[in-house]
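Each ligand, and each atom within it, is numbered from 1 in the order the structure gives. Source: prediction; values computed, not measured.
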Amino acid sequence: MAPPLSHPRKFKVYVRWRPLNSSEGESAEIDRTIAVNEDSSRSLALKSPLDVPRNRSWKSGASSFTNVFEAGSGNEYVFEHVVAPTLPLVLQGQTCNFFAYGHSGSGKTHTIIGYDYERDEHLGLFLRAARELMMELDTLNAKLVGADKQNQVQTAKFGIGLRLYELRRKSAFDLLNGHSECHIREGPDGQTHIRGETETLENGKVRVRPIETRACWTFDEVRQHLLEGLQLRATGSSTVHDESSRTHAVLELEVVNSALLEARNIVIERQSELVPVGKKATDIYLEEMSGAYIKDETGKYQQNPDYTPNQARIDAAEEEKRDFEDRLAKAEADVSLLSSSSPHPCLGGRFVFVDLAGSEYFDQGKGTSTLGPKPSPQERQEGRQINTDLFGLKEVLRARAEGQARIPFRSSPLTMALREHFVGEDGSSAMVLTVSPSSDQFSATTNTLKYGDLVGMASASGPISAKIPAVATQKAG
Ligand SMILES: Nc1ncnc2c1ncn2[C@@H]1O[C@H](COP(=O)(O)OP(=O)(O)OP(=O)(O)O)[C@@H](O)[C@H]1O
């Protein structure tokens with residue numbers, strides 16, 4: 001068994017209280033106390049103001065949360081504390097992941113995507129990150145132009161590669177490619193591949209497209225593509241409000257240049273060319289070998305002494321296949337070379353934002369919503385899948401926080417799809433738990449916090465940190 005990671009990545013868990021909404025205006029707020037530790041981590045204690053037996057008081061682990069944002073903290077404040085500190089990591093070529101987890105209507109979409117796409121202070125974390133990243137890239141590009149001696153700046157110029165997709169049931173749906181369905185599979189290389197339907201082209205070429213990457217050279221382009229993609233986002237019937245979604249939305253921003261995108265396209269082209277050549281080699285082999293065995297009188301197959309396969313024909317087909325395999329290997333090597341020889345380490349750096357499906361499906365393993373009307377059989381099935389995904393994600397985050405050598409990525413399509421974003425020991429991961437302060441939502445809120453608490457505690461008590469006693473408390477709400 002492989003040894004545990006030497007420097008497991010600490011996972012940050014934030015809590016974000018939203019304001020009471022118009023339908024909750026009359027409810028009493030949940031009574032909450034925040035304890036601030038010496039290392040500035042937080043713990044939380046909740047008490048329901050209503051005398052309801054099932055609303056049992058709850059206390060988190062000693063230092064489960066990195067920070068707690070009260071209802072008055074807007075998206076800009078949350079961005080400055082959660083995402084902005086990780087921008088230098090992305091500019092070093094690392095991957096930083098952010099998840100929003102909470103029950104329906106608690107503010108996940110408000111946090112990750114936002115509902116105001118114009119005013120800086122209201123942008124969701126994703127768009128604000130795109131804006132800040134693009135500003136940094138503009139500065140780097142200006143330096144590139146200055147240093148450009150061989151007029152290669154157009155292909156080397158940095159931009160943002162945007163990918164938007166949602167995960168529903170066991171598939172991904174590409175929001176930048178007409179909501180086309182893509183399958184999530186593990187390849188023979190042990191990597192996860194998210195690929196669309198097989199297209200048969202002229203000359204028998206077979207192309208299987210990955211999730212579309214849209215190249216953006218300005219912040220406005222990112223915003224425009226986001227708005228187009230959001231039009232396609234499937235929204236289900238809401239249990240809490242009419243924009244509820246029952247899918248996980250994944251939004252990726254990768255630092256790219258046109259040379260890298262072109263090199264990746266060549267890989268797809270080479271893969272397409274290899275498929276018919278590989279098939280031809282297999283067909284020729286089967287054809288030539290079909291006469292090599294015959295049935296004897298007992299029905300068993302025996303070698304046919306009168307038959308000699310055309311070995312030269314088999315060898316020629318195999319050689320042609322090897323040529324195409326070499327062409328593919330060269331195209332893949334070109335992609336690696338471009339990344340490693342970039343004039344700046346930012347190439348390939350990524351922000352990944354995930355607006356998770358409503359946590360009400362993750363209700364003590366039952367996989368059904370605790371809110372709203374009785375779900376239909378299809379909704380129940382979707383609920384079970386969401387439950388599996390959210391459980392799988394928790395286990396992956398815990399395993400990483402604890403520095404375990406074996407991370408259970410295969411346990412759900414969500415964790416399989418996100419696997420490549422967790423590879424390596426660098427980068428960072430964070431979860432924002434979005435919660436309602438309404439006493440009517442006490443059990444949904446404590447369920448969300450319990451989930452984050454498990455991840456936060458694993459991170460705090462993992463091999464790289466010690467538990468720190470609480471030194472100050474403050475009353476909130
Ligand atoms: N921190 C906040 N400040 C102000 N308004 C908020 C905040 N969080 C959420 N809201 C508002 O509450 C409503 C519901 O929020 P949102 O759509 O983000 O919920 P959600 O968790 O994504 O729900 P679902 O899982 O059903 O999609 C929206 O109108 C949103 O603008």
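Here's the thing with G105: one of its N/O atoms is less than 3.5 angstrom from an N/O atom of ligand 1. At under 3.5 Å, not a single nitrogen or oxygen of S73, backbone or side chain, sits near a nitrogen or oxygen of ligand 1. Looking at ligand 1, you'll find an N or O of Y115 within less than 3.5 Å of one of its N or O atoms. In terms of polar-atom proximity, W17 is not counted as a contact of ligand 1, lacking any N or O under 3.5 Å from an N or O of the ligand. When only interatomic distances are considered, the shortest N/O to N/O separation between G107 and ligand 1 falls below 3.5 Å. In terms of N/O distances under 3.5 Å, ligand 1 is approached by S104. Residue contacts with ligand 1: T109 is placed with a nitrogen or oxygen under 3.5 Å of a nitrogen or oxygen of the ligand (distance criterion only).
Side-chain N or O atoms of T445 include one that pairs as donor or acceptor with a backbone N or O of S436 at under 3.5 Å.
The side chain to side chain donor-acceptor pair (under 3.5 Å) test applied to R119 returns D116, not counting sequence neighbours.
Side-chain atoms of R16 and N75 include a donor-acceptor pair closer than 3.5 Å. No hydrogens or angles considered: a donor-acceptor pair under 3.5 Å links the side chains of S429 and N97.
A salt bridge links R264 to E254: one of the charged nitrogens lies within less than 4.0 Å of a carboxylate oxygen. Between D453 and K450 there is no salt bridge, since no side-chain nitrogen of the basic residue lies less than 4.0 Å from a carboxylate oxygen of the acidic one.
Close approach of ligand 1 to H103 is summarised as follows: ligand atoms under 4.0 Å from at least one heavy atom of the residue are 21 (O).
Contact annotation: for P19 versus ligand 1, heavy atoms closer than 4.0 Å belong to the side chain alone.
Residue contact annotation: R16 has a non-hydrogen atom under 4.0 Å from ligand 1. At a 4.0 Å cut-off, at least one heavy atom of S106 sits close enough to ligand 1 to count as contact.
Of the residues listed (R169, R384, H248), the one engaging D389 in a side-chain hydrogen bond (donor to acceptor under 3.5 Å, both in side chains) is H248, and it is the only one.
The aromatic rings of Y451 and Y101 lie parallel to each other, with less than 30° between the two planes, well short of the 60° mark.
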